[in-house]
Amino acid sequence: MQHWLFKSEPESFGIEHLKKAKTTVWDGVRNYQARNFLRTATVGDLAFFYHSKVQPPGIAGLCEVIAVNVTDPTQFDPTSHYFDSKSSPDNPRWQTVKVRYVETFANYISLDTLRDTFSDDDLMILKAGSRLSVTPVSNKVANRILKMARA
DNA sequence: GCCAACGTTGGC
DNA sequence: GCCAACGTTGGC
């Protein structure tokens, strides 16, 4: 089992949306490095749900991977913002995972708090200019985050 | 809304 | 395979 950090803009899809929907296909990832991380995810992995483009940005909750190697359906939908004309059903470019809602944290963990607690070696998103929407989180760091979130 | 840091595209 | 131009991300 391994931990991840998934970014999303709550204006389009936040932890509250996931809570209501219960499960979702994590669609719209169109970055190869992020996709390659998603390809290595396994069922039972836990992902921190990070809210970006809000004030303050930070980790809002937790979800669990319940299916892997899911073909992102939006790549074939011409009406979707995530449509990819160069991808074909024979040879899909974009795989992702399906997740289920686990919890909304009692303590929202802001980016400032993450910076105070961890180094940029601990957490990839703390690296200057990091834009990856899917990043791995070590078990050690994940356990500390969980403690802070539930304290 | 700005803009730095990235990633991608496509002409050559 | 280089790299300029362009697009996007996301904190501020």
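Just so it is clear: chains get the letters A, B, ... in the order the sequence lines come, proteins before strands, and each one is counted from 1.
- Between A:Q33 and B:dG7 there is a side-chain N or O to OP1 or OP2 distance below 4.0 Å.
- Side-chain nitrogen and oxygen atoms of A:R30 include none within less than 4.0 Å of the OP1 or OP2 phosphate oxygen of B:dC6.
- Between A:F76 and A:Y82 there is no side-chain heavy-atom pair separated by less than 4.5 Å.
- Protein atom CD1 of A:I125 is 11 Å distant from nucleotide atom P of C:dC12, rounded to whole Å.
- A:D45 places no side-chain N or O within donor-acceptor distance of the main-chain N or O of A:V65, the cut-off being under 3.5 Å.
- For A:K53, counting side-chain heavy atoms from C-beta on, the closest listed nucleotide (C:dC12, B:dG7, C:dG10) is C:dG10.
- Closest to the side chain of A:K7, from the set B:dG7, C:dG10, C:dC12, is C:dG10.
- Distance, A:Y50 OH to C:dG11 C1': 8 Å, rounded to whole Å.
- By the 4.0 Å N-to-carboxylate-O rule, A:E103 lies close enough to A:R150 to be salt-bridged with it.
- In this entry the distance linking CG of A:D120 with P of C:dG11 reads 15 Å, nearest Å.
- Atom CG of A:N31 and atom P of C:dG7 are 18 Å apart (whole Å).
- With respect to the salt-bridge test (charged N to carboxylate O, under 4.0 angstrom), the residues A:R30 and A:D84 do not qualify.
- Rounded to whole angstrom, the span from the CG atom of A:L126 across to the P atom of C:dC12 amounts to 11 Å.
- If you measure from atom CG of A:L123 to atom P of C:dG11, you get 13 Å, rounded to the nearest angstrom.
- A sub-4.0 Å separation between OP1 or OP2 of B:dC6 and a side-chain N or O of A:Y32 is absent.
- Put simply, CZ on A:F37 is 15 Å from C1' on B:dG7, counting in whole angstrom units.
- Here the side chain of A:R131 is nearest to one of B:dT8, C:dG11, C:dG7, namely C:dG7.
- Each of A:K127 and A:K86 was assigned the nucleotide of DNA chain B with the nearest heavy atom; the assignment lying further toward the 5' end belongs to A:K127.
- A:M124 has its CE atom 14 Å from the C1' atom of B:dA5, to the nearest Å.
- Ring geometry, A:F49 versus A:W26: the interplanar angle exceeds 60°, so the pair is classed perpendicular (tilted spans 30 to 60°).
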